[in-house]
Structure formats: C-alpha cells, structure tokens
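Data block below; observations after.
Small disclaimer: the values here were computed from a predicted structure and weren't measured. Both ligands and their constituent atoms are indexed starting at 1 by order of listing.
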Amino acid sequence: MTKRVYLETYGCQMNVADSELILGQLEREGYTVTGDPSQASVMLVNTCAVRDNAEQRVIGRMGELKRFRRPGVVLGVVGCMAQRLGETLLQDAPHVDLVVGPDGYRGLPDLVASAADGARVADVAFKAWEHYEDIPARRTLGQPSAFVTVQRGCDYRCTFCIVPMTRGRERSRKLEDVVREVGALAGQGVSEVTLLGQTVNSYHDGERDFADLLRAVGDVDGIRRVRFTSPYPNDFSDRAITAMAEVATVCEHVHLPVQSGSSRLLKRMGRRYDRERYLDCVARLRAAIPTIAVTTDIIVGFPGETEADFLETVSLVHAVGFDDAFTFRYSPRDGTGALRLSESVPEPVAAERLERLIAEVREVARQRNFRLVGSTHEVLVERIARRGGRLQCRTRTNKVVLLDGPESWIGTYREVRLVGTSGATFTGVSVSPIRELAVIT
Ligand code: SF4
C-alpha cells in the first residue's frame with residue numbers, strides 16, 4: 001500500500017508544532033501527506049486533553065474517520081489525550097489501532113507498521129530527554145511565520161491543569177539548537193518565529209536563560225519578528241524584560257495567562273502569584289515597553305468561585321486593560337488537584353459568568369482599539385482573510401488588520417494606517433508612498 005499520512009490537529013500551538021514534527025518523521029520514512037482520509041494508509045488525530053469538550057470532539061471525529069479504515073489502514077490517536085488515556089483508549093475504542101503520547105513520535109513509523117500488521121499498539125512512556133532534535137519538522141513552504149518549540153513539559157502543578165500529566169517534566173532545548181533551527185527557517189523565507197513552551201520564560205538550558213534566548217533568536221539574520229507563548233508571571237526576570245525592550249525584533253505583545261483576578265482563587269488554582277504580583281508584572285512590562293499589548297487566559301466557574309471572586313476578575317480585566325482574553329469555563333480533569341476541591345460552581349452560574357466576562361473583555365478591548373484608529377503600524381501580510389477576500393495582516397502588537405491589496409503582498413511587511421475597527425479587528429490602508437519593508441527572499 002502506498003504510504004500516505006492524513007493528520008488532523010486539535011488544541012494549542014504546541015500541538016501544531018508537534019504535528020509538523022510527526023509529518024517530518026513520517027516523511028523521512030517515505031510517507032507523503034494527503035488531505036484526503038480516504039487516500040491515507042495512516043490517519044492520525046493529534047489531540048488536546050485540556051478540556052473535556054475537546055476530547056469529546058475527538059471521540060466524535062474518530063467515529064467519523066473509522067469508515068475510511070480498511071485492512072492495513074491505521075487509525076491512531078496521538079498527543080495529550082492519547083497520553084492521558086493510554087491503553088484505556090485501545091480498550092474503549094475498538095476502531096483505534098494506535099495510541100502515542102507526545103514523547104513517542106520518534107517511534108511512530110515502527111508503531112504504524114506494527115498496527116498495519118494488525119497489532120494494537122500504545123507508547124505513552126515519558127522520555128525526559130526527548131527534544132526530537134534530529135527530526136526535521138515539515139513546514140508549509142512559503143509561509144512567513146513558524147512555531148519553534150524551545151521547551152517541553154511543565155513543572156508547575158496548577159490544580160486545574162492536565163498538562164503536567166500529559167507532557168511530563170519541563171526541559172529546555174539547547175540554545176544553539178534553537179538558533180540553528182531559526183537560522184534554517186530564515187533561510188527558507190520565514191521572518192517571524194513564535195517560541196513555544198508551557199512556561200516559556202522559565203526557559204533554561206543549563207547555562208542560558210530566556211533573556212539569552214530572546215537575544216540570540218532576535219539576532220538571527222532574516223528574522224524580523226520574535227514572539228513567544230505562554231509565559232508564567234513569576235518567571236519574568238528583569239533580565240528577560242530588558243531583553244524584550246532592547247531586542248528590536250521582539251514584538252510588543254505578551255500573552256500572560258492570569259486565570260483569575262481573585263488572590264483567594266489563584267491560591268486554590270495553585271498559581272504561584274496573587275493579584276498584586278500579577279499586576280506588578282504587567283506594570284514592569286509596561287514600564288519597559290510602553291506600547292506592549294497584553295492578552296490573557298481566564299477561567300470562570302473554578303470550584304469555590306464566589307460572585308465576589310468573579311467580580312475581582314472583572315475588576316482585574318479593567319485594571320489591566322487587556323487587549324484580548326481567551327475565556328473558558330472550568331472543565332474538571334481526572335488526575336488534577338482541583339477534583340479534590342469542594343464547592344463546585346453550578347453550570348448555569350458558570351455559564352452566566354462566562355457571558356458577563358466575555359462582554360466585559362470585549363468592551364475593554366473595544367475601547368483600547370478605538371483609541372488606535374488613526375495610528376500607523378507595521379504589519380505582516382499573512383493571508384487572504386476567510387471572509388471578504390481582503391488581506392489579513394498582523395501588527396507587532398498582534399492586532400488583526402484587514403487590508404485591500406494584491407495577493408502578491410502576502411509574506412511582505414507594509415506600513416498601514418488603521419482607519420476603522422469593529423472593536424476587535426481593524427481595517428487599514430497602505431500608507432502612501434507604500435514602503436516595502438523586509439520581503440521574503
Ligand atoms: S503552568 Fe499551570 S496551566 Fe500552564 S501548563 Fe503548567 S500546570 Fe498547566
């Protein structure tokens with residue numbers, strides 16, 4: 001049978017980067033990539049375990065993909081849900097042939113071969129040394145942006161979070177290896193990189209820390225923009241903030257998960273800061289980088305959240321003036337500390353709080369964005385927007401701008417003036433005369 005792999009990716013940017021690794025590993029073994037599951041000899045779903053509804057979606061999707069299963073065709077679950085459920089998944093889902101966690105991708109070709117021969121296989125062992133250094137990630141050629149994993153795993157134990165159970169202990173890649181990869185990407189025309197880690201600013205390769213990493217990556221020839229996600233508030237050293245301010249390629253945006261505005265709740269969540277410390281971190285970032293945009297993650301309905309706690313979260317949204325926030329309803333996860341906490345918040349209460357929070361976040365962002373109309377920004381033209389056929393661009397502060405222009409502008413940097421906003425996204429016009437900034441070579 002012709003070796004063809006079909007892969008679907010759910011979840012975070014780390015999973016997107018891991019999917020590029022998986023495809024790179026399989027390509028090395030003679031597989032080609034197909035977008036059509038009916039043509040595939042192996043179908044993989046790279047999964048997320050952070051919320052129950054993400055897992056339910058995957059279970060539904062596996063049910064749909066099973067109709068493409070024929071003798072010799074393998075259907076596999078990889079990623080965090082695979083790690084979490086392990087062999088149980090093989091027992092509970094007879095149509096699943098293969099279960100592989102985030103540390104097992106090196107062995108995928110052999111595991112797929114065994115599964116194609118009829119075995120049902122799982123590899124969910126943690127491998128604290130695994131960085132996949134020698135496996136070339138399969139990138140989509142011609143894209144101006146790329147994700148670069150610099151750290152795997154997490155040593156924090158936030159009580160709501162399954163990640164330490166699915167991705168193991170924190171470890172950082174060697175700085176030289178990261179720089180080499182970024183240099184190779186720049187050689188292929190990538191000009192924007194996003195450095196990925198669960199607590200990316202705790203990066204430490206034994207000798208060099210996150211500040212060193214920003215300076216080294218920011219200095220790579222051809223790289224015009226450096227982003228990173230997601231930092232942990234306590235891990236922002238003054239050195240790192242100074243590097244962010246001094247390295248011209250580091251963008252003026254930080255996605256800084258807060259999770260709650262109530263110190264009492266933060267303690268129950270096992271977050272290692274309180275409201276004041278978080279606000280202090282934002283203040284330090286803004287003092288060093290006055291134009292920095294700040295976005296965040298917030299959970300509502302965490303066990304024990306009272307209306308007063310929730311109102312503290314709302315007040316924090318206003319106090320910080322977030323540019324945007326991903327807002328979630330708490331999702332209980334087996335094996336996490338929060339399951340032992342009492343006082344669960346009734347679903348309707350959590351749902352109503354989520355709605356209120358979304359409205360507050362939108363209003364704060366809307367007010368901030370309206371103030372930006374009339375200002376001029378460098379944007380990277382990313383692609384054709386899904387709706388309306390205009391060009392979708394991004395400012396250094398991570399604001400989305402829609403622009404009229406030819407497709408040939410994709411991958412180029414331009415200066416635009418923001419002429420309007422929906423409150424969330426902007427419309428812009430090219431500043432005249434159009435100044436061609438760095439262009440993919
Ligand atoms: S820092 Fe907390 S929320 Fe983030 S991955 Fe680690 S345990 Fe999960």
Charged N to carboxylate O under 4.0 angstrom, [X] versus [Y]?
{"X": "Asp205", "Y": "Arg173", "answer": "no"}
{"X": "Arg277", "Y": "Asp274", "answer": "no"}
{"X": "Glu55", "Y": "Arg84", "answer": "yes"}

Considering only heavy atoms of [X], which atoms of ligand 1 have at least one such atom less than 4.0 Å away?
{"X": "Val163", "answer": "5 (S)"}
{"X": "Thr199", "answer": "1 (S)"}
{"X": "Phe160", "answer": "3 (S)"}
{"X": "Cys154", "answer": "1 (S), 5 (S), 6 (Fe), 7 (S)"}
{"X": "Pro164", "answer": "7 (S)"}

Nearest 0.5 Å please: distance from the CD atom of Gln91 over to the CG atom of Leu85.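 If we round to the nearest 0.5 Å, Gln91:CD and Leu85:CG are 11.0 Å apart.
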Is the distance from atom 8 (Fe) of ligand 1 to the nearest N/O/S atom of Cys158 under 2.8 Å? no
What residue and heavy atom of the protein are closest to atom 8 (Fe) of ligand 1, and at what distance? Cys161 SG, 2.2 Å
Between the candidates Arg157, Arg271, Arg167, which shows the shortest non-hydrogen contact distance to atom 3 (S) of ligand 1?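 Looking at heavy atoms only, Arg271 sits closest to atom 3 (S) of ligand 1.
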Heavy atoms from other residues, nucleotides or ligands near CG of Asp92 exceed 12 (cutoff 6.0 Å): yes
Give a yes/no verdict on a cation-pi contact between Arg356 and Phe310, requiring under 6.0 Å between NZ or CZ and the six-membered ring centre and an angle within 45° of the axis.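 Cation-pi check for Arg356 and Phe310: fails.
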Pair Asp309, Ser262: side-chain N/O donor-acceptor within cut-off below 3.5 Å: yes
Just to be sure I read this right, does ligand 1 sit under 4.0 Å from the backbone of Pro257, its side chain, both, or neither, counting only heavy atoms? neither
